[in-house]
Amino acid sequence: AVDGDTIEVQDGTQSPGSNIVVDKSVTIQSANGPSSTTIDASGNAFGFEIDAGANPNDVTIKGLTITGADQGIIVSDNADPSEVENLVIRNNVLESNTDNGIFLSDTATSTVIDNNEFNSNGGDDEFDNADNGLLVLGDADAIELTDNTFDGNTEAGVHIDNAGAGTSGDNSFNEFKDNTFTNNGDA
């Protein structure tokens, strides 16, 4: 894929043998929505790894069910300086991932997370801050979190931790509204 491409995932269950690394500015979407298209990342550390070291701005992931990974979607912070701007995560179902549905590190800025379902994520207690629908660490900034449902996540629907090593802990939510939280451990 090259910057600007749209990758359409066909109906059915796709089982990638390794992490799906996103290092380009692309849109990854299902053909017919999350009830028709599943990424079963069982055995993988990540369903989708947005590689901040490659600086892939303008990434969209929409219309998928993502299940079975340690982290359903992660914005990695494996290079310095690195940043991911204009990330859109929309109309997905993130369920039964063993650590977090989505993990935003301090390299994520201008992120829109809307109309997603975060169901039954967590349960392995492998590391601190795990077992959430959404985990936000460090200086992740300018986040819009709207119209999401968080249900049955082991620890919390949303966990915001400003204590990231070497960060100023300056998380900011531009918009946090119309989210529903039920049956989460600490939410």
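These values consider heavy atoms only, across backbone and side chains, with no hydrogens, waters or symmetry-generated copies. Numbers for residues simply follow the sequence, beginning at 1.
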- request: Could you give me the CA-CA distance, side-chain angles and deciding distance for Ser15 and Asp40, then say whether side-chain hydrogen bond (donor to acceptor under 3.5 Å, both in side chains) is met?
  value: CA-CA 5 Å; Ser15 298; Asp40 182 352; 4.5 Å; no

- request: Report the distance from atom CG of Asn132 to atom CD of Gln71, rounding to the nearest 0.5 Å.
  value: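 Going from the CG atom of Asn132 to the CD atom of Gln71 covers 9.5 Å.
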
Where the side chain of [X] meets the backbone of [Y], is there a donor-acceptor pair that is under 3.5 Å apart?
{"X": "Thr65", "Y": "Pro34", "value": "yes"}
{"X": "Thr67", "Y": "Glu95", "value": "yes"}
{"X": "Asn153", "Y": "Asn121", "value": "yes"}
{"X": "Asp51", "Y": "Val21", "value": "no"}
{"X": "Asn116", "Y": "Leu94", "value": "no"}

- request: Scan side-chain atoms only and decide if Ser25 and Asn57 contain a donor-acceptor pair under the 3.5 Å cut-off.
  value: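 Ser25 vs Asn57: no donor-acceptor pair found between side chains.
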
field: Side-chain donor-acceptor contact under 3.5 Å, Asn115 with Asp147
entry: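 On atom types as modelled, these side chains do not qualify, holding no pair under 3.5 Å.
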
Closest heavy-atom pair and its distance - Ser76, Ala52: O-CB, 2.9 Å

query: Minimum heavy-atom separation for Leu64 to Gln29, with atom names?
result: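 It is CD2-C, 4.4 Å.
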
message: Please determine whether a side-chain nitrogen of the Lys or Arg among Arg90 and Asp114 lies less than 4.0 Å from a carboxylate oxygen of the Asp or Glu.
response: yes

